[in-house]
Amino acid sequence: MKYPETVVGAVIFNPENKVLICRSTKWNSKYIIPGGHIESGEKMEEALVREVKEETGLEIYDIELLSLKESIYDKSFGRQKHFIFIDYICKTDFCEVKLNDEADVYEWISLKELDDYDLEDFVKNLLEELRDKNELKYKTEIFYKNI
C-alpha cells in the first residue's frame, strides 16, 4: 500500500529580507523552496534543518510553522505523488549558498519579485499568501508549540 509522503519546506529569509528559491529538475525545472522528506524517527524541525543544510549549506534559526498543504498527483512534480507539505518560515545569517545535486540555480528574491520567476504552483501560492498576508480578509493562523 502506498501512503502520502510527508515533506518539510523552508521559506528562508536572509539579512536583506530576501527569500531563497532554487530551480529543481525534480519539479520540472521550476523554482521551489529547500526541503525534503522526514526520515523515520526524525522530528519535523530536525528534518528541516538537515534538509536545508544538505541542499544549501545554510544554517537556519527562528524556525516557525507557516503552512500545512496537500498535493495529490499534481502535474508540477515529474511523477505521480501524494505529498503532505509542512512549510516553515526561518532566518539565516548567510547569503552564500552551496547547492547539492537537487538544484542547479538559486536566487535570493524579494516577495515583490515573485512574478519574475517560474515558481512551482504550490510554492508560488505559499509565497503570495505570505506577501499578501496583511491584505487577506480571511486568515488561518497555525500555532505550534514543541511539547
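No hydrogens, no waters, no symmetry mates; every other heavy atom, side chains included, goes into these values. Worth saying up front: this structure is predicted, and the values here are computed from it rather than measured.
In this structure the side chain of L114 reaches within 4.5 angstrom of the side chain of E128, judged on heavy atoms. In this structure, the side chains of I109 and Y117 come closer than 4.5 Å at one or more pairs of heavy atoms. Contact annotation: the side chain of L58 approaches that of L20 to within less than 4.5 Å [non-hydrogen atoms, C-beta and beyond]. When side chains are defined from C-beta on, Y31 counts as touching V105, because their heavy atoms get closer than 4.5 Å. For the pair L65/D87, no side-chain contact is recorded, criterion being any heavy-atom separation below 4.5 Å from C-beta on. With a 4.5 Å cut-off on side-chain heavy atoms, E113 and E107 do not count as touching. Within the 4.5 Å cutoff, the side chain of I84 has no heavy atoms near those of the L68 side chain. Proximity of P34 to C22: side-chain heavy atoms (C-beta onward) are separated by under 4.5 Å at one or more points.
Nearest heavy atoms, F85 versus S71: CE1-CB, 3.5 Å. The two atoms that bring V49 and I63 nearest to each other are CG2-CD1, 3.7 Å, heavy atoms only.
D104 is linked by a side chain to side chain donor-acceptor pair (under 3.5 Å) to R23, counting only residues two or more places apart in sequence or in another chain. In this view, Y73 satisfies the side chain to side chain donor-acceptor pair (under 3.5 Å) rule with no residue, not counting sequence neighbours. Scored by the side chain to side chain donor-acceptor pair (under 3.5 Å) test, D116 finds no partners at all (sequence neighbours excluded). Contacts of F94 classified as ring pair (Phe, Tyr, Trp, His ring centres under 6.0 Å), with partners at least two apart in sequence or in another chain: none.
Looking at T56, its side chain does come within 3.5 Å of a backbone N or O of V52 through a donor-acceptor pair. The main-chain N or O of E102 is found under 3.5 Å from a side-chain atom of N100 such that the two form a donor-acceptor pair.
Heavy-atom contacts from other residues, nucleotides or ligands closer than 6.0 Å to NZ of K69 number more than 12. With a 6.0 Å radius and a threshold of 12 heavy atoms from other residues, nucleotides or ligands, E70 has its CD atom above the threshold.
A distance of 6.5 Å separates CE in M44 from CD1 in I38, rounded to the nearest 0.5 Å. Taking CD1 of I32 as the reference point, atom NZ of K30 lies at 12.0 Å (rounded to 0.5 Å). Considering NZ of K133 and CG of L66, their distance stands at 8.5 Å, rounded to 0.5 Å. To the nearest 0.5 Å, atoms OG (S67) and CD (E129) are separated by 6.5 Å.
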- Message: Run I33 and E120 through side chain to side chain contact (heavy atoms under 4.5 Å, CB included) and show every step you take.
- Response: CA-CA 9 Å; I33 56 176; E120 186 277 326; over 6 Å; no
- Walk me through it: do I89 and D62 pass the test side chain to side chain contact (heavy atoms under 4.5 Å, CB included)? CA-CA 8 Å; I89 191 168; D62 284 352; over 6 Å; no
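Aromatic ring centres of W27 and F83: separated by under 6.0 Å.
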Under 3.5 Å, side-chain donor or acceptor atoms of residues 4-17 against the rest of the protein: list the pairs with distances, not counting sequence neighbours.
{"from": "E5", "atom 1": "OE1", "to": "H37", "atom 2": "NE2", "distance (Å)": "2.4"}
{"from": "E5", "atom 1": "OE2", "to": "K81", "atom 2": "NZ", "distance (Å)": "2.8"}
{"from": "N14", "atom 1": "OD1", "to": "E16", "atom 2": "N", "distance (Å)": "2.8"}
{"from": "N14", "atom 1": "OD1", "to": "N17", "atom 2": "N", "distance (Å)": "3.2"}
{"from": "N14", "atom 1": "OD1", "to": "K18", "atom 2": "N", "distance (Å)": "3.0"}

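Residue pairs meeting the salt bridge (charged side-chain N to carboxylate O under 4.0 Å, His left out) criterion with at least one member in residues 47-56, sequence neighbours excluded, are E39-R50, E42-R50, R50-E54, K53-E59.
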